[in-house]
Amino acid sequence: MRWNSGLACVAALLGLANGDVFKDPDTGFSFSQQNVQITTGSSYITIRVAIPSPAPAGQPYDAVLQIVAPVAAGWVGLAWGGSMTNNPLLIGWLNGASGVASVRRATSHTAPAVTSDATVQVLAKGTKSNGTHWQVTAKCTGCTSFTTTGTTTKTLNPSGSNRLAFAYSKTKPSQPASGTSPINVHDLFSYWDHDFAAAGNAQFQDLVDRNL
């Protein structure tokens with residue numbers, strides 16, 4: 001899907017300020033969002049998260065991630081545990097007019113490997129591009145509850161804030177059509193506390209089904 005040129009303004013793409021709720025007119029999801037500055041100017045990557053409401057405390061639940069990035073971004077990744085290691089890394093990029101997403105994991109500061117501990121599904125109706133930005137929307141199963149080290153399990157709090165991290169690279173994956181493609185080292189990373197309490201969607205599964 002491509003954006004009409006009349007929708008290309010940055011304000012419309014990125015929503016409002018950090019920590020607000022963004023109601024996506026295309027997918028119907030309500031997202032809690034964070035704008036992450038990637039240059040000294042006004043270039044941002046926006047990370048949006050949507051979860052079921054209510055979501056069971058202390059138990060796994062699905063989550064939808066939406067990435068909005070400038071076309072100069074080759075790939076963008078979100079670390080659900082707030083670090084590069086020992087948590088799911090959901091990585092997304094654009095391949096032509098289609099979105100590609102992959103879940104990976106690293107146990108050291110080396111290239112993360114594709115993992116079967118979590119699964120990801122691109123939501124086609126929330127994936128699009130224009131001359132300035134691309135957007136990928138994907139559902140992850142296994143990203144909100146995961147083993148960190150040994151037998152320790154971490155479950156993200158659906159009613160509060162969770163520490164997240166992101167990374168991006170200016171270089172596209174070497175095999176952009178493949179979700180298992182090697183990726184280059186990131187050019188920038190950042191951390192923040194993301195408000196999951198504002199990310200709830202009562203009709204979560206219906207919205208997922210509607211956007212496939």
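It should be emphasised that the depicted structure is a prediction, and the values quoted were computed from it without experimental measurement.
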Scan side-chain atoms only and decide if S169 and N184 contain a donor-acceptor pair under the 3.5 Å cut-off. no
R210 backbone acceptor or donor facing K125 side chain under 3.5 Å: yes
When you compare the side chain of D117 with that of R105, does any pair of heavy atoms fall below 4.5 Å? yes
V68 and its side chain to side chain contact (heavy atoms under 4.5 Å, CB included) partner, picked from Q33, R48, K128: R48
Would you say S159 and F196 make side-chain contact, with heavy atoms under 4.5 Å? no
How far does NZ of K170 sit from CG of L188, to the nearest 0.5 angstrom? 9.0 Å
Do T137 and Q66 have side-chain atoms, one donor and one acceptor, less than 3.5 Å apart? yes
List the steps, then state whether side chain to side chain contact (heavy atoms under 4.5 Å, CB included) holds for T153 with F146. CA-CA 5 Å; T153 298; F146 47 87; over 6 Å; no
Please step through side chain to side chain contact (heavy atoms under 4.5 Å, CB included) for the pair T152 and T147, ending with a clear verdict. CA-CA 6 Å; T152 302; T147 301; 5.8 Å; no
Shared hydrophobic cluster for L212 and L207 (ILVMFWY, side-chain gaps under 4.5 Å): yes
Are L94 and I45 in one and the same hydrophobic cluster, where Ile, Leu, Val, Met, Phe, Trp and Tyr link if side-chain heavy atoms are under 4.5 Å apart? yes
Short side-chain to backbone donor-acceptor contact, W93 and P176, under 3.5 Å: yes
Side-chain donor-acceptor pair present, D24, T27, cut-off under 3.5 Å: yes
The reported gap from CG in D20 to CD in Q34 (rounded to nearest 0.5 angstrom) is 9.5 Å
Separation between CG (D62) and CZ (F204), nearest 0.5 Å, reads 5.5 Å
Minimal heavy-atom distance between Q203 and D206, with the atoms involved, is OE1-OD2, 3.0 Å
From Q135 atom CD to D26 atom CG, the distance as rounded to the nearest 0.5 Å: 7.0 Å
Distance-minimising heavy-atom pair for I47 and V76: CD1-CG1, 4.2 Å
Step by step, would you call V120 with S102 a side chain to side chain contact (heavy atoms under 4.5 Å, CB included)? CA-CA 7 Å; V120 64; S102 174; 5.5 Å; no
Determine, using the 4.5 Å side-chain heavy-atom cutoff (strictly less than), whether L164 and L89 are members of one ILVMFWY cluster. no
Working note: N86 + T107, criterion side chain to side chain contact (heavy atoms under 4.5 Å, CB included); need CA distance, chi angles, decisive distance, verdict. CA-CA 5 Å; N86 301 314; T107 56; 3.9 Å; yes
Are N201 and S53 close enough that a side-chain donor and a side-chain acceptor fall under 3.5 Å? no
Rounded at 0.5 Å granularity, tell me how far OG in S181 sits from NZ in K172. 11.0 Å
Between N95 (side chain only) and S98 (backbone N and O only), is there a donor and an acceptor less than 3.5 Å apart? no
With rounding to the nearest 0.5 angstrom, report the OG to NE2 distance, S161 to H194. 9.0 Å
Just do the side-chain hydrogen bond (donor to acceptor under 3.5 Å, both in side chains) check on S32 and D195 with the steps written out, would you? CA-CA 6 Å; S32 174; D195 184 7; 5.0 Å; no
Considering all heavy atoms of both residues, which atom of A50 and which atom of F29 are nearest to each other, and what is their separation? CB-CD2, 3.9 Å
Hydrophobic cluster membership, V100 vs V64, 4.5 Å side-chain cutoff: no
Side chains of I67 and L65: does their closest heavy-atom pair fall under 4.5 Å? yes
For the residue pair T155 and S145, what are the closest heavy atoms and their distance? OG1-OG, 2.9 Å
In terms of heavy-atom contacts, W134 and P70 come closest through NE1-O, 3.4 Å
Under the criterion side chain to side chain contact (heavy atoms under 4.5 Å, CB included), which of Y168, F166, W75 is the partner of H186? W75
Would you call D193 and R163 a salt bridge, taking side-chain N to carboxylate O under 4.0 Å as the test? yes
Between Y61 and L156, is there a donor-acceptor pair closer than 3.5 Å when you use the side chain of the first and the backbone of the second? yes
Same hydrophobic cluster for V208 and F31, using side-chain heavy-atom links shorter than 4.5 Å among ILVMFWY? yes
Looking only at heavy atoms, the pair that brings W192 and V36 closest together is CZ3-CG2, 3.8 Å
